Trainee: 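Okay, here's the structure, questions in a sec.
Remember, it's 1-based here, ligands and their atoms both numbered in the order they're listed. Since this is a predicted model, take the numbers as computed values, not measurements.
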Amino acid sequence: MKNKKKLYEGKAKILYKGSEPDTLIQYFKDDATAFNNKKKGQIPGKGVLNNFISELIMTRLKEINVPTHFLRRLNMREQLVKKLEIIPIEVVVRNIATGSLVKRLGIEEGKVLSRPIIEFYLKDDNLNDPIISEEHIIVFDWASPNELEEIISLSSRINDFLTGYFFSINIRLVDFKLEFGRFWKSDEASILLADEISPDNCRLWDLKTNKKLDKDRFRQNLGEVDKAYKEVAYRLGVLSEKEFKKVIKNDL
Ligand code: ADP
Ligand code: UDP
């Protein structure tokens, strides 16, 4: 589709009007940001890899009846999704202590949690995405009690499924961030999983060596960032090295 109408440009993706009613095109950029936009850079090929990785994960989740916005991949960097009313909450699921949890609460780095923790952050860059409680979500009407219950139940199912899925390719799913939105049909809204699931918003550690295979390599200047994303894509079987090289040569 030529001359697509740009609706929004974010830090990692661009949203265009979709070709079908109530749809959007997510275009995956190579841009990377961290620390609320203070650190900026590019990870060559990241957009292509995240498009393929997120397609695979959303497809697997659909197969276990987790409702998602994903419709189909359009090309190397774009996918068609259902247009949602995004709930302004970032849901973080944690299996192992690291990142802000360790900093905030002084928990030992790398501690395996006795059960997964689900946290909520307000999606607001101006306020630095502050952590919030279920009470805030209800009182300030960011989601209804029923919607919140559905979001928690889906997040927990997604974590159970993905933990096993990544384990099967020798990767520890340490933590990850999810977004949800409302899909309106007549006067009824259903909750769907939105955005993307990729090494941009998951922490993925190699099972044997604990090598970081995610955006922490960018955040912490660990080097070989693109190599880590490719490693995840190859292990998931979404793109062979040969295919990826061909794509990058003729990139959009
Ligand atoms: P950010 O907005 O944080 O910079 P991105 O660059 O990834 O993040 O932009 C993608 C934007 O698209 C996010 O704000 C996300 O909430 C929004 N989004 C994701 N999926 C959908 C959807 N199905 N419908 C509407 N908006 C969506
Ligand atoms: N995360 C994300 N977007 C954000 C904040 C966090 O995708 O704006 C992801 C991050 O990649 C990690 C998880 O959520 O997988 C938990 O992040 P944490 O709270 O530890 O934040 P950080 O250490 O990145 O500040």
Side-chain angles (χ1 to χ4, degrees), residues 6-18 22-40 46-47 50-51 54 58 67-71 77-105 107 109-110 113 116-132 155 159 162 166 171-184 189-205 212-220 228-229 232:
K6 194 196 238 190
L7 302 175
Y8 172 81
E9 175 151 10
K11 298 183 288 289
K13 297 189 284 299
I14 304 174
L15 301 180
Y16 296 98
K17 194 173 185 317
D22 300 319
T23 63
L24 290 175
I25 294 168
Q26 289 200 120
Y27 174 96
F28 288 73
K29 304 193 282 183
D30 287 346
D31 296 353
T33 64
F35 315 119
N36 198 10
N37 238 340
K38 284 185 199 82
K39 181 177 162 81
K40 288 184 187 164
K46 171 177 85 89
N50 282 356
N51 187 21
S54 201
M58 294 277 177
T68 87
H69 71 159
F70 181 80
L71 291 169
R77 285 186 185 269
E78 294 179 328
Q79 52 180 243
L80 190 72
V81 299
K82 288 185 185 163
K83 185 178 179 174
L84 305 182
E85 181 185 307
I86 292 293
I87 293 174
I89 296 168
E90 300 198 339
V91 181
V92 169
V93 186
R94 301 181 184 273
N95 298 304
I96 296 176
T98 189
S100 68
L101 179 74
V102 164
K103 272 195 221 124
R104 198 180 324 111
L105 303 178
I107 308 297
E109 167 77 24
L113 303 175
I117 293 176
I118 300 184
E119 297 175 340
F120 306 100
Y121 295 82
L122 182 65
K123 206 171 131 56
D124 187 333
D125 285 346
N126 291 328
L127 297 176
N128 243 331
D129 294 351
I131 191 163
I132 52 174
S155 301
N159 184 45
L162 289 185
F166 277 110
I171 288 176
R172 239 186 271 278
L173 178 60
V174 174
D175 57 30
F176 57 100
K177 184 263 296 182
L178 299 172
E179 292 186 27
F180 294 90
R182 298 182 186 97
F183 184 67
W184 287 97
S190 52
I191 297 291
L192 308 191
L193 176 65
D195 207 53
E196 67 177 289
I197 299 186
S198 73
D200 263 13
N201 44 40
C202 298
R203 285 198 173 97
L204 304 168
W205 294 355
K212 296 181 199 305
L213 299 172
D214 56 64
K215 205 168 97 176
D216 269 354
R217 300 201 73 80
F218 170 77
R219 292 189 188 99
Q220 300 169 11
Y229 280 64
V232 174

Trainee: Tell me the residues surrounding ligand 1, counting only those with a heavy atom closer than 4.0 angstrom, sorted by chain and number.
Mentor: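 Contacting ligand 1 under 4.0 Å are Y8, G10, K11, A12, K13, L15, L24, Q26, H69, V81, K82, K83, L84, I86, K123, E179, A194, D195.
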Trainee: Among all protein heavy atoms, pick the one closest to atom 15 (O) of ligand 2 and tell me residue, atom and distance.
Mentor: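 It is D175 OD1, 2.6 Å.
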Trainee: Work out which heavy atom in V232 is nearest to a heavy atom in L213; give both atom names and the distance.
Mentor: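 Shortest heavy-atom contact: CG2-O, 3.4 Å.
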Trainee: Considering only heavy atoms of D129, which atoms of ligand 2 have at least one such atom less than 4.0 Å away?
Mentor: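 Those atoms are 8 (O).
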Trainee: With the threshold set at 4.0 Å, does a side-chain nitrogen-carboxylate oxygen contact exist between R203 and D214?
Mentor: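 No salt bridge links R203 with D214.
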Trainee: Distance from N51 atom CG to E196 atom CD, nearest 0.5 Å?
Mentor: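 If we round to the nearest 0.5 Å, N51:CG and E196:CD are 9.0 Å apart.
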Trainee: Looking only at protein heavy atoms, which one is nearest to atom 7 (O) of ligand 2, and how far off is it?
Mentor: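 Going atom by atom, the protein heavy atom closest to atom 7 (O) of ligand 2 ends up being N201 CB, 3.0 Å.
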Trainee: Taking a cutoff of less than 4.0 Å between a non-hydrogen atom of the residue and any ligand atom, is Y121 in contact with ligand 2?
Mentor: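 Heavy atoms of Y121 do come under 4.0 Å of ligand 2.
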Trainee: For the residue pair D129 / N36, report whether a side-chain donor-acceptor contact shorter than 3.5 Å exists.
Mentor: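 Looking only at side-chain atoms, D129 and N36 do not form any donor-acceptor pair under 3.5 Å.
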Trainee: For ligand 2, does A34 get within less than 4.0 Å through its side chain, its backbone, both, or neither, judged by non-hydrogen atoms?
Mentor: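 For A34, no heavy atom sits under 4.0 Å from ligand 2.
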Trainee: Pull out every atom of ligand 2 sitting under 4.0 Å from any heavy atom of F176, numbered as shown with elements.
Mentor: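 Checking each atom against F176, I get 15 (O).
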Trainee: Considering S100, A12, A97 one by one, which has a heavy atom nearer to atom 18 (P) of ligand 2 than any of the others?
Mentor: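 Closest candidate by heavy-atom distance is S100.
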Trainee: Atom NZ of residue position K39 - does it have more than 12 heavy atoms of other residues, nucleotides or ligands inside 6.0 Å?
Mentor: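 Yes, because the 6.0 Å sphere around NZ of K39 holds more than 12 heavy atoms from other groups.
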Trainee: Tell me the closest heavy-atom pair linking L113 and R94, and the distance in Å.
Mentor: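 Looks like CD1-O, 3.5 Å.
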Trainee: Run down the list E90, R203, K215 and name the one with the heavy atom closest to atom 24 (O) of ligand 2.
Mentor: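 Looking at heavy atoms only, the winner is R203.
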Trainee: Rounded at 0.5 Å granularity, tell me how far CZ in F120 sits from CD1 in I131.
Mentor: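 Interatomic distance, F120 CZ to I131 CD1, rounded to 0.5 Å: 10.0 Å.
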Trainee: Out of the candidates R77, K13, K11, only one should pair with D30 under the salt bridge (Lys or Arg N to Asp or Glu O under 4.0 Å) rule; please name it.
Mentor: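 So, applying the salt bridge (Lys or Arg N to Asp or Glu O under 4.0 Å) to D30 and each of R77, K13, K11, only R77 qualifies.
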Trainee: Output side-chain donor-acceptor pairs under 3.5 Å for residues 80-90, partner residues at least two apart or in another chain, one line each.
Mentor:
{"from": "E85", "atom 1": "OE1", "to": "W184", "atom 2": "NE1", "distance (Å)": "2.8"}
{"from": "E85", "atom 1": "OE2", "to": "R182", "atom 2": "NH1", "distance (Å)": "2.7"}

Trainee: So, the side chain of K46 versus the backbone of D31: is there a donor-acceptor pair under 3.5 Å, distance only?
Mentor: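 Yes; at least one donor-acceptor contact below 3.5 Å.
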Trainee: When you measure from the heavy atoms of R219 to every atom of ligand 2, does any distance fall below 4.0 Å?
Mentor: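 Right, R219 reaches ligand 2.
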Trainee: If you measure from each heavy atom of D200 to ligand 2, is any distance below 4.0 Å?
Mentor: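 Under 4.0 Å: yes for D200.
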Trainee: Which distance, rounded to the nearest 0.5 Å, do you find between the CH2 of W205 and the CD1 of I96?
Mentor: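 Separation between the atoms: 5.5 Å.
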Trainee: Using non-hydrogen atoms of the residue, decide whether E119 is closer than 4.0 angstrom to ligand 2.
Mentor: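 It does not; every heavy atom stays at 4.0 Å or beyond.
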Trainee: Check whether N128 reaches the backbone of P130 with its side chain - one donor and one acceptor, N or O, closer than 3.5 Å.
Mentor: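 Side chain of N128 to backbone of P130: no pair is present.
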Trainee: Using a strict 4.0 Å cut-off to heavy atoms of G99, name the atoms of ligand 2 that fall inside it.
Mentor: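 Contacts of ligand 2 toward G99, numbered from 1: 20 (O), 23 (O).
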Trainee: For atom 3 (N) of ligand 2, which of K177, E179, E196, R104 has the closest heavy atom?
Mentor: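 Of the listed residues, K177 has the closest heavy atom.
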